[in-house]
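Encoded as structure tokens, the structure appears first; notes follow it.
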Amino acid sequence: MLQPPILQTGDKAVILSPAGKIDAGLVAKAADLLCDWGLGVEISENALCRTGRFSGFVEQRLADLQRAMDDPEVKLIFCSRGGYGTVHLLDKLDFTGIRQYPKWVVGYSDITVLHATLQQHGIMSVHGPMAKHFAEEGPGDISVRFTKAILAGEPVFYDIPVAKYAYLNRKGKASGRLFGGNLSVFCGILGTRFAYLPKNGILFIEDIGEEPYKIDRYINQLKLAGIFDRISGLIVGQFSDYTEDNDMYSALYESMASVVAGYDFPVCFDFPAGHVKHNFPLVMGKTARFVVKEDQLIFKQS
């Protein structure tokens with residue numbers, strides 16, 4: 001698994017939109033922040049296009065991403081937002097250039113499918129905040145600072161107190177390559193050649209705006225697909241913007257815990273990553289180690 005080189009002052013970064021359309025002001029503010037990091041920032045030709053819910057037609061979004069992947073001068077591909085549409089590009093992309101000139105790709109949500117495909121081609125990437133977060137929270141935000149640290153080559157180390165859902169956690173230690181991302185998006189490519197499923201890996205999941213019965217369906221899909229038989233640990237991030245369904249047997253997180261109750265790998269709920277302010281970046285495809293204690297989670301990648 002290739003880890004892209006750390007970012008240096010003057011390195012070229014490209015902001016592009018492989019999925020949904022985005023407000024130009026958010027992209028401009030994010031570009032300014034990346035410039036303040038000392039990077040040379042370019043906004044791709046079609047990053048601000050608006051075609052229905054998408055940032056341009058498939059050909060436009062594909063051209064921007066392919067050009068950035070092929071350019072040996074580009075060291076960072078910064079996805080402006082998720083939404084929907086990255087799946088349109090997967091079977092059309094040529095990964096020869098990015099394998100020859102590895103570079104960081106940063107994003108989450110719909111970008112989950114790009115992370116998975118990059119891992120299939122042996123390239124690590126960053127599940128982390130995008131343009132809206134950068135623009136609205138600014139350089140002092142903890143998630144932005146952690147993202148900068150990862151891209152600068154610093155090891156990942158999170159020591160997180162766990163309180164709200166500690167009773168659902170399963171204590172233990174795990175080590176393995178990190179994979180997953182947005183749960184519904186990840187399930188959308190499960191069973192295809194684009195889904196990265198490392199043996200003894202650590203699965204991370206999060207989601208937004210999905211009804212509890214749909215989350216239950218996705219978790220059971222993972223179980224029936226044998227995913228839980230091959231992982232060494234499960235990290236459940238933030239599931240946001242949903243309403244509990246009183247017609248379900250139990251609340252959302254309790255329902256998820258019941259599906260994995262028969263396994264012995266450690267499980268942590270409420271990890272600070274997802275569609276929330278505390279969206280701690282994670283290096284997908286890189287070996288991670290985490291320890292679940294009574295009231296604490298330690299997560300590291302070095």
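I22 and F78 fall within a single hydrophobic cluster, where Ile, Leu, Val, Met, Phe, Trp and Tyr are joined by side-chain heavy atoms under 4.5 Å apart, directly or via other members. In the hydrophobic clustering of ILVMFWY residues, with side-chain heavy atoms under 4.5 Å counting as a link, F186 and F271 come out together.
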**D110/T86 under side-chain hydrogen bond (donor to acceptor under 3.5 Å, both in side chains): CA gap, chis, key distance, verdict** = CA-CA 6 Å; D110 195 62; T86 311; 2.7 Å; yes
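The hydrophobic cluster containing M248 also includes Y213, under a criterion of side-chain heavy atoms closer than 4.5 Å among ILVMFWY residues, counted directly or through chains of members.
Donor-acceptor pairing under 3.5 Å is recorded for the side chains of S184 and N182. With 3.5 Å as the limit, one finds a donor-acceptor pair spanning the side chains of D159 and Q296. Of the N and O atoms on the side chains of S240 and H275, not one donor lies less than 3.5 Å from an acceptor on the other residue.
Among pairs with a residue in residues 223-243, those fulfilling ring pair (Phe, Tyr, Trp, His ring centres under 6.0 Å) read F228-Y263, at least two apart in sequence or across chains. Screening residues 161-186 for salt bridge (charged side-chain N to carboxylate O under 4.0 Å, His left out), with sequence neighbours left out, gives K171-E294.
Partners of D245 according to the salt bridge (charged side-chain N to carboxylate O under 4.0 Å, His left out) rule, which considers only residues two or more places apart in sequence or in another chain, do not exist here. Under the side-chain contact (heavy atoms from CB on, under 4.5 Å) criterion, K21 pairs with R50, sequence neighbours left out.
Salt-bridge check for D141 with K277: passed, with a basic side-chain N closer than 4.0 Å to an acidic carboxylate O.
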For residues 1-12, dump all side-chain donor-acceptor pairs below 3.5 Å to protein atoms at least two apart in sequence or in another chain.
from	atom 1	to	atom 2	distance (Å)
Q3	OE1	K286	NZ	3.0
D11	OD2	Q8	N	2.6
K12	NZ	D71	OD2	3.0

